[in-house]
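Letters A, B, ... are given to chains in the order of the sequence lines, protein chains preceding strands, and every chain is numbered from 1.
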There are 2 protein chains.
Amino acid sequence: MAEQTGTLRRTPLSKDRVLRAAVALADESGIESLSMRNLAVELGVVPMALYKHVANKDELLGGMIDVVVGEIDPPVPDPDWKRVIRARILSARDVLLRHPWAPLAIESRNDATPAILDYLNTMVGILRDGGFSTDLAHHVMHAMGSRMLGFSQELFDASRRAGRSGAAEPEPPAAFPPEAAARFPHLAAIATAASHDDASVVGDGCDDQFEFEFALDLLLNGIDDLRQQGWRSAH
Amino acid sequence: MAEQTGTLRRTPLSKDRVLRAAVALADESGIESLSMRNLAVELGVVPMALYKHVANKDELLGGMIDVVVGEIDPPVPDPDWKRVIRARILSARDVLLRHPWAPLAIESRNDATPAILDYLNTMVGILRDGGFSTDLAHHVMHAMGSRMLGFSQELFDASRRAGRSGAAEPEPPAAFPPEAAARFPHLAAIATAASHDDASVVGDGCDDQFEFEFALDLLLNGIDDLRQQGWRSAH
DNA sequence: ACCTGAACACCGTTCAAGT
DNA sequence: ACCTGAACACCGTTCAAGT
């Protein structure tokens, strides 16, 4: 215990520790500040040491995604496919809300990760058990898209922010700048309607949970109708 | 015409020319090779010259997005809201297929661009004219999400490739590596079903156009039902 | 054998020096 | 006043030199 001082390392580095530190760093500082070099600093390690545990940054991101996907609840036992799918998607959504960088990381990736493949495979299995033909299950997976993993591609919500930034600024309440409201009256109308329709929502913006479930149920109900009608693709 | 040789410039640089060159570069080489420096080379210009026409790379990307969105057909005159929305979304999809980098560029952006706001504003207007309440129109916009702009968030399609890469490699036809097929049997099943169900599709993979329209009509029909029922949010 | 500093080939952007 | 080379503060990753 003499010469070891100065650089005493609490835990030896491991792939798991690297991935967890990376996820934590992305969670609190945003994905844009996740660099190999920053991550090394965070771990009290020289940058090159990371390359002993991940081949490159792409593998790092893949591993991070799988850490996140691993947090999603397994399917609950229930004979009703719709309840199983719905509950798991909402669990996935919960998880992704804790890791706001994950949806974009998943989308920017060209290959699916093992955990995602496993997740999707299970979801298809639930559909098959629920009476879906292979054909219909296939189209359903495409139709659900990223919503299967608990996120939707919102085009104009303010909920997606870079980093947490310490809750410093109180989120500019300008729901719609008056200049823009004049140019885009229809958007202004639905934005305004949303802000005072829902008393439960504090500032501007919408009840994201409601919007998500609205779209989810719209899809699930439509899909259930197709299944009941014994839908088959005309080919 | 004596001293001007050597550095004769065909057209003077302009914001428009910068944006068009950037879109062309991203189209053919992929968004990852669109750097200020590469773009400058492409235009035969020193990198700093670009900063006279765009404030920074973010503004460049915003401008590129608006060039692309500007290529979408305006709404066709038609009393049936569903036909109008459907046709315009399919036009948007056509445009985005020509600019495969655009969906991710749009999603990674935190603020909507003017052209996107204008596009969405028009779409809300069509819904309102079609008899939708402000409330329902609002939820519909959220439910459609990025599909309103003609793209879906597919989780596991191979259609998204980095660059064109000159049609050199004939796209590895391994629909599903046998090792993966054993671990993910349900995914393998739907992948296999897709490849020989559709004779129109050459290699592996699905008929993306069919999948897109399937999901689109599922949503539009569900939405139409809600409108006809006079759906109102319970609040 | 393992680890790591320096180096390489890039970024976006600032800034001061040139015309 | 305008333009631009060099510089700054970063990247991810290679590689050879150190232990």
To the nearest angstrom, the NE2-P distance between A:H53 and C:dC2 comes to 12 Å
From the candidates D:dG12, C:dA6, D:dT4, the one with an atom nearest any side-chain atom of B:V46 is D:dT4
In whole angstroms, the gap separating C1' of C:dT13 from CG of B:L50 amounts to 12 Å
So what does A:M36 touch, heavy atoms closer than 4.0 Å: a base, only the sugar-phosphate, or nothing?
sugar-phosphate
note: A:L39, atom CG; D:dC10, atom P; distance rounded to Å ~ 17 Å
Smallest heavy-atom separation, B:R109 atom then B:G62 atom, equals NH1-N, 3.5 Å
Separation of C:dG5 atom P from A:Y51 atom OH, nearest Å, is 15 Å
For A:S33 and A:N38, the nearest pair of non-hydrogen atoms, with its separation, is O-ND2, 2.9 Å
Atom CG of B:L34 and atom C1' of C:dC10 are separated, to the nearest Å, by 15 Å
Within the pair B:K52 and D:dC3, is there a side-chain N or O less than 4.0 Å away from OP1 or OP2? yes
Result for 5'-nearest mapping on DNA chain C, choosing between A:A49 and A:R37, is A:A49
Here the distance between atom C1' of C:dC11 and atom NZ of B:K57, to the nearest Å, is 8 Å
Paired to D:dC10 by Watson-Crick or G-U wobble criteria (both distances under 3.5 Å) is none
Give the C-alpha distance, both sets of side-chain angles, the deciding distance and a yes or no for salt bridge (charged side-chain N to carboxylate O under 4.0 Å, His left out) between A:R20 and A:D16.
CA-CA 6 Å; A:R20 282 178 197 290; A:D16 192 69; 2.9 Å; yes
When rounded to whole Å, the CD to P distance for the pair B:E32 and D:dG12 reads 16 Å
note: B:D58, atom CG; C:dC11, atom P; distance rounded to Å ~ 18 Å
Under a 3.5 Å distance rule, please check whether A:Y119 uses its side chain to pair with a backbone N or O of A:M148 as donor and acceptor. yes
Any strand, both distances under 3.5 Å, Watson-Crick or G-U wobble: C:dT4 pairs with D:dA16
Write down the distance separating the C1' atoms in C:dT13 and D:dT13, rounded off to the nearest Å. 23 Å
| Does NZ or CZ of B:R93 come closer than 6.0 Å to the centre of the six-membered ring of B:F151, within 45° of the ring's axis? | no
Q: Identify whether any heavy atom of B:N38 sits under 4.0 Å from a base atom; if not, whether one sits that close to sugar-phosphate; answer base, sugar-phosphate or nothing.
A: sugar-phosphate
